[in-house]
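Worksheet: the structure to be examined is printed underneath.
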Protein chains: 2
Amino acid sequence: MPAEPLSRPRIVAAAIDLIEREGADAVSMRRIAADLGVGVMSLYNHVPNKSALLDGVAETVLSQIEFSDDPDADWTDRVRMQALAFRQIAHHYPRCTMVVVSRQLQSTAGLLPVERALATLRSAGFGGHEAVRILRVFIAYIVGSLLREVGVTPTFAPVHRPDIAVENVDPLLFPQVSGLAPMLVDCDHESEFEFGLELLIQAIAVQLKR
Amino acid sequence: MPAEPLSRPRIVAAAIDLIEREGADAVSMRRIAADLGVGVMSLYNHVPNKSALLDGVAETVLSQIEFSDDPDADWTDRVRMQALAFRQIAHHYPRCTMVVVSRQLQSTAGLLPVERALATLRSAGFGGHEAVRILRVFIAYIVGSLLREVGVTPTFAPVHRPDIAVENVDPLLFPQVSGLAPMLVDCDHESEFEFGLELLIQAIAVQLKR
DNA sequence: TTGACGCACGTACACCGTACGTGCGACTCT
DNA sequence: AGAGTCGCACGTACGGTGTACGTGCGTCAA
């Protein structure tokens with residue numbers, strides 16, 4: 001009998017831990033149970049099924065986003081901060097990110113960032129319709145960026161795979177790709193992300209002027 | 001004995017068909033073999049494993065993107081056309097889209113769009129480094145948008161019943177979300193996509209002026 | 001004391017990917 | 001024509017998966 005009783009948070013935590021250690025493919029109910037030193041079916045007393053467990057993983061990760069919103073700051077700074085905070089899940093939970101992104105959840109955990117973002121945009125002067133549209137653009141950009149960041153590290157990770165592929169590209173068929181190969185291969189995710197983020201912020205700032 | 005012999009393209013086509021009919025979760029080697037009226041292991045004479053099969057699915061779908069590039073057109077129009085062409089995979093193969101974006105492949109199938117895009121950006125006057133960065137931003141945005149359209153992104157994607165979730169939101173805790181609920185629930189993907197696309201194009205046009 | 005209930009657990013089933021061996025038809029070489 | 005090789009469809013089998021179901025033990029309520 002374990003001193004700490006089984007519980008949904010404990011199971012979710014074990015799942016997150018397992019995903020970060022060995023990748024999302026390694027997740028199985030048997031494996032999680034083994035990590036907890038517990039029978040497989042005991043998990044089902046606290047979690048209805050594996051899908052719900054992964055929802056719990058996404059929810060938990062999302063809820064740990066830390067927004068340090070400063071209502072007095074310029075709205076561009078607030079948007080920037082919120083976007084960067086969202087992206088930080090890729091640093092804290094790199095391998096869980098794929099799970100979060102590829103899973104639709106209807107809990108309120110994912111709603112808090114949405115609420116904050118909409119409030120920021122509306123306080124900046126955007127109308128409701130515009131705020132929603134702009135939020136969608138930002139989310140699309142952030143999610144797409146995260147996907148690239150975790151995509152470089154598939155699950156277990158020889159990162160130097162693409163170099164080989166780029167080396168083998170025919171310079172006659174793909175002059176741009178082969179010419180720009182060094183820039184395509186190495187990618188500072190942080191600065192790349194911020195580049196696009198600034199592009200978007202600047203664009204909606206222009207939009208706001210009208 | 002089938003009149004048409006088994007082959008990799010036929011297997012990939014069956015996989016695409018199955019994914020579109022019943023979703024990516026329904027894909028199994030046994031199921032595909034059954035659809036082809038063939039033994040399970042016969043597939044392995046043409047495809048090394050399931051992962052490679054899914055790579056083939058992504059590759060095939062990607063290769064069917066139709067670019068009608070007009071070198072005489074304004075670069076903004078060319079960028080727009082390429083982005084919209086890319087997005088059309090979400091219309092032709094809605095359920096395969098998730099497979100495509102969640103799988104990074106190093107074949108040359110995915111390289112052709114990259115080559116064209118880089119050529120367009122450089123002809124517009126961007127340097128190599130800038131072109132790569134801008135392309136990354138566009139890809140992130142497109143992929144993120146496709147994920148929402150397919151209906152797997154943490155925000156509202158009205159695939160089935162998100163209305164219920166939005167109805168149950170506490171207006172006091174989430175005033176923006178509940179106030180803007182109608183706009184969050186219904187989403188014209190086409191116009192939403194183009195909104196963000198124009199935002200980005202405009203932003204990089206400004207960037208180009210310097 | 002007795003009953004109910006929560007919860008850990010073992011067993012069992014259907015399904016999965018795929019390693020391996022087998023057999024059959026077609027083709028090549030002598 | 002005979003012999004050898006090879007491509008390819010196929011069956012069997014193994015270790016893995018999610019989870020439905022039944023069982024037994026602990027604690028708490030009446």
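Proteins get letters first, then strands, A, B, ... in listed order; numbering begins at 1 in each. Note that these values count all heavy atoms, side chains included, but never hydrogens, waters or copies made by symmetry.
The side chain to side chain contact (heavy atoms under 4.5 Å, CB included) test applied to A/E59 returns A/R8, A/S107, A/A109, not counting sequence neighbours. Applying the ring pair (Phe, Tyr, Trp, His ring centres under 6.0 Å) test to A/F138 and every residue at least two apart in sequence or in another chain returns nothing. Applying the ring pair (Phe, Tyr, Trp, His ring centres under 6.0 Å) test to B/F195 and every residue at least two apart in sequence or in another chain returns nothing. Checked against ring pair (Phe, Tyr, Trp, His ring centres under 6.0 Å), A/F174 has no partners two or more places apart in sequence or in another chain.
Considering CG of A/L200 and OG1 of A/T76, their distance stands at 13.5 Å, rounded to 0.5 Å.
Atom pair A/M29:CE and C/dC9:C1' shows a separation of 14 Å (rounding to whole Å applied). For B/I32 and D/dA9, the CD1 to C1' distance is 17 Å, given to the nearest whole Å. As rounded to whole Å, 11 Å separates atom P of C/dT18 from atom CG of B/L43. In this structure, the CZ atom of B/R8 is 15 Å from the P atom of D/dA9, given to the nearest Å. The CG atom of B/L53 sits 14 Å away from the P atom of C/dC16 (whole-angstrom rounding). The CZ-P distance, from A/R31 to D/dG15, rounds to 18 Å in whole Å.
B/S42 has no side-chain polar atom (N or O) that falls below the 4.0 Å cut-off from OP1 or OP2 of D/dC8. Regarding contacts with the backbone of C/dC16, a side-chain N or O of B/S28 is found under 4.0 angstrom from either OP1 or OP2.
The stretch residues 44-52 of chain A touches DNA chain D through A/Y44, A/N49, A/K50, each having a heavy atom within less than 4.0 Å of the strand.
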**OP:** Dot-bracket for DNA chain D, please, read 5' to 3', with Watson-Crick or G-U wobble pairs under 3.5 Å on both distances, ( ) within the strand, [ ] crossing, | other strand, . unpaired.
**Re:** |.||||||||||||||||||||||||||.|

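For the side chain to side chain donor-acceptor pair (under 3.5 Å) with A/Y93, the qualifying choice from A/Q88, A/E20, A/Q64 is A/Q64, the only one to do so.
Between the base of D/dG16 and the side chain of A/R30 there is no donor-acceptor pair shorter than 3.5 Å.
Ion pairing between B/R80 and B/E194 fails under the 4.0 Å rule for side-chain N and carboxylate O.
With distances taken from any side-chain atom of B/M41 to the nucleotides C/dA8, C/dA19, C/dT11, the minimum falls on C/dA19.
Looking only at atom types and distance, the side chain of A/T120 has a donor-acceptor partner in the side chain of A/Q82 under 3.5 Å away.
When atom types are taken as modelled, the side chain of A/R103 and the backbone of A/S51 share a donor-acceptor pair closer than 3.5 angstrom.
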